[in-house]
Amino acid sequence: AVKAAVPDYSAVVSWNICSMRTLCREPLNGQPLRALATTYKPGVIFLSETKLQQQHVTDYANLLHDLGYRYSYWHCSVARKGYR
């Protein structure tokens, strides 16, 4: 189990992810995001994924919650599947 990082509220990280789904499924299982959170301990993480779909938000929110981030905001494509 990954130990939740104690966030440094002065640190902010922004990451334009090409595919959250690839990041969170086998074989990566969210490891790059876990490494980012435990190494840098940012207070805020901005993730940008242009093809985010509502059906996948729960998995990503749970991963962030497990890393110690209790709050998240998501905006998903509704006009055209796969785009904001």
Q: Going by side-chain hydrogen bond (donor to acceptor under 3.5 Å, both in side chains), name the residues that satisfy it together with D59, two or more places apart in sequence or in a different chain.
A: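 If we apply the side-chain hydrogen bond (donor to acceptor under 3.5 Å, both in side chains) test to D59, skipping adjacent residues, there are no hits.
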
Q: With sequence neighbours left out, write down each residue that passes side-chain contact (heavy atoms from CB on, under 4.5 Å) with V57, or none if nothing qualifies.
A: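 side-chain contact (heavy atoms from CB on, under 4.5 Å) list for V57, sorted by chain: L52, Q54, W74, C76.
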
Q: To the nearest 0.5 angstrom, please state how far the CG atom of L47 sits from the CD1 atom of I17.
A: 4.5 Å

Q: Taking all heavy atoms of Y60 and all of H56, pick out the closest pair and write down the distance.
A: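 Nearest pair, atom of Y60 first, then H56: CD1-O, 3.3 Å.
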
Q: Measure the spacing between CH2 of W15 and CG of L36 and express it to the nearest 0.5 Å.
A: 6.0 Å

Q: Rounded to the nearest 0.5 Å, how far does CG of L64 lie from CZ of R70?
A: 13.5 Å

Q: Suppose we screen for side-chain contact (heavy atoms from CB on, under 4.5 Å). Which residues come up paired with T22, at least two apart in sequence or across chains?
A: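 Checked T22 against side-chain contact (heavy atoms from CB on, under 4.5 Å); matches are S19, R25.
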
Q: Where is the tightest heavy-atom contact between S48 and N16, given as atom of each residue plus distance?
A: O-OD1, 3.3 Å

Q: Which distance, rounded to the nearest 0.5 Å, do you find between the CZ of R21 and the CD of Q53?
A: 6.5 Å

Q: Nearest 0.5 Å, what's the SG-CG distance between C24 and L33?
A: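 Going from SG on C24 over to CG on L33, the span is 7.0 Å.
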
Q: Say you draw a straight line from CG of L63 to CD of Q31; how long is it, rounded to the nearest 0.5 Å?
A: 10.0 Å

Q: Which heavy-atom pair separates P42 from A37 by the least distance, and what is that distance?
A: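 Where P42 meets A37 most closely, the heavy atoms are CD-O, 4.0 Å.
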
Q: Run the side chain to side chain contact (heavy atoms under 4.5 Å, CB included) test on V44 and V13 for me, step by step, so that the C-alpha distance in whole Å, both residues' side-chain angles and the decisive distance to 0.1 Å come before the verdict.
A: CA-CA 6 Å; V44 177; V13 171; over 6 Å; no

